[in-house]
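What you see is a predicted model; the values in this text were computed from it and never measured.
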Amino acid sequence: MKNKEICLIITGCISPVKQNYLVLTNVNERLKQYIKSIRYYIEETDFQKIIFCDNSNYNYDHKDDIYNIARSKGKKFEWLSFSGNTQKIVSFGKGYGEGEIIKYVLKNSTLIKSSSYFAKVTGRLIITNINSILKNINLKSYDILMNADIYRKHGIDTRFYIINKYVYLHKYVNIFTKVNDNAIPPLALEDIFFLETKLNKKWSNIFPFPRFVGISGGNGRNYTNESKNKLKFLDFLCKRNFLKKSSFIYYYIFGILKK
């Protein structure tokens, strides 16, 4: 299978309901960032099939412009929109909403039906080295390409990952229903992904480590500010498949473990 055949899913919530762990709520600003991201993945990356899915059922009047850009680049594109379960998203957290989006795409997308693998990226983030990542992955040996979350003691970095569609349908498609950001301690989507993934022998890290550009809508963290030395060390860990069970090595070296 050619890596270019991986279908990219861009998750989005243009008009979010009020909830905990959400600092960016301005609809116009969120829309602007989503459009910038969608255009980047269409115009600048090797993905041939791209899906954007919004769970706020926002009525965007200029979707045809995006479709035209995709056609001009020889790409296939889908814009999907539906109303997520806002009550449960408020009660349990945005990770619940993200899981709903992936499940909706797998059930309703035309493009995903012809793909055995898909990549997922959080909608307002741009990965500047995505083409290098696509050139380096080995889908013959691995079903799951994920990195440990560098911002917590353990967990999976769910901002971006690549996975076999059938593995996702079998193992991951409903685990979002366990998310509870309001529990003590909180049980985030990153934690649940980690519990499901940690024993899988066909799990590899993503190399090189993704260079994210953008700001977290949940806590306002600017992902663009990672230092070059940290990113080089993360490349080292990913290439040797060390960024798997935890991020303790990264924390230890850079002393950024937060209690």
Side-chain angles (χ1 to χ4, degrees), residues 6-17 19 21-45 47 49-63 65-67 69-70 75-86 89 93-106 108-109 111-112 118-130 133 146-147 149 151 156-163 168 172 176 179 188-190 193 206 210-224:
I6 300 170
C7 188
L8 176 65
I9 300 174
I10 305 171
T11 58
C13 182
I14 297 172
S15 181
V17 294
Q19 57 193 277
Y21 305 105
L22 186 66
V23 297
L24 181 58
T25 59
N26 183 279
V27 174
N28 290 332
E29 184 61 29
R30 291 178 70 89
L31 175 61
K32 179 181 177 181
Q33 292 180 12
Y34 282 126
I35 297 302
K36 180 180 179 180
S37 176
I38 293 167
R39 291 195 58 166
Y40 169 78
Y41 288 109
I42 291 174
E43 296 175 335
E44 304 295 337
T45 76
F47 287 109
K49 294 182 288 185
I50 299 166
I51 302 163
F52 173 70
C53 187
D54 161 54
N55 71 343
S56 67
N57 209 23
Y58 183 86
N59 184 22
Y60 181 57
D61 293 331
H62 303 288
K63 289 193 289 286
D65 295 342
I66 306 297
Y67 278 93
I69 292 170
K75 307 286 185 74
K76 295 179 180 179
F77 176 74
E78 275 184 303
W79 181 300
L80 301 178
S81 189
F82 73 105
S83 294
N85 191 324
T86 56
I89 293 171
K94 58 187 177 63
Y96 188 99
E98 179 171 301
E100 275 192 313
I101 291 173
I102 303 299
K103 188 172 184 177
Y104 183 89
V105 170
L106 292 171
N108 295 279
S109 166
L111 292 182
I112 200 71
F118 69 85
K120 175 268 170 182
V121 65
T122 297
R124 294 176 300 99
L125 300 181
I126 285 172
I127 302 174
T128 59
N129 64 337
I130 188 67
I133 291 171
M146 297 179 180
N147 291 334
D149 188 337
Y151 300 109
I156 294 295
D157 187 344
T158 59
R159 294 175 296 173
F160 175 72
Y161 57 83
I162 300 170
I163 191 167
Y168 189 93
Y172 294 84
F176 70 93
V179 169
L189 187 65
E190 293 84 353
F193 261 66
I206 298 169
R211 270 50 171 177
F212 293 101
V213 173
I215 298 174
S216 169
N219 56 32
R221 179 184 289 118
N222 191 336
Y223 296 126
T224 316

Salt bridge (Lys or Arg N to Asp or Glu O under 4.0 Å) involving [X] - partner list, sequence neighbours excluded:
X    : result
D54  : none
E190 : R152
E43  : R39

Taking [Y]'s backbone N and O only, do any of them form a donor-acceptor pair with [X]'s side chain (distance below 3.5 Å, no angle check)?
X    : Y    : answer
E100 : N55  : no
S83  : S56  : no
S109 : I112 : yes
R124 : S37  : no
N147 : D157 : no

Quick one: list whatever passes ring pair (Phe, Tyr, Trp, His ring centres under 6.0 Å) with [X], sequence neighbours left out.
X    : result
Y104 : F82
F193 : Y161, Y172
F52  : Y34, W79

In Å and rounded to the nearest 0.5 Å, what is the [atom1] to [atom2] distance from [X] to [Y]?
X    : Y    : atom1 : atom2 : value
T224 : R211 : OG1   : CZ    : 12.5 Å
I6   : I133 : CD1   : CD1   : 10.5 Å
E98  : T11  : CD    : OG1   : 4.5 Å
Y41  : I50  : OH    : CD1   : 9.5 Å
I69  : I35  : CD1   : CD1   : 8.5 Å

message = Between F212 and F160 (judged by ring centroids, cut-off 6.0 Å), do the two rings come close enough to count as a pair?
response = no

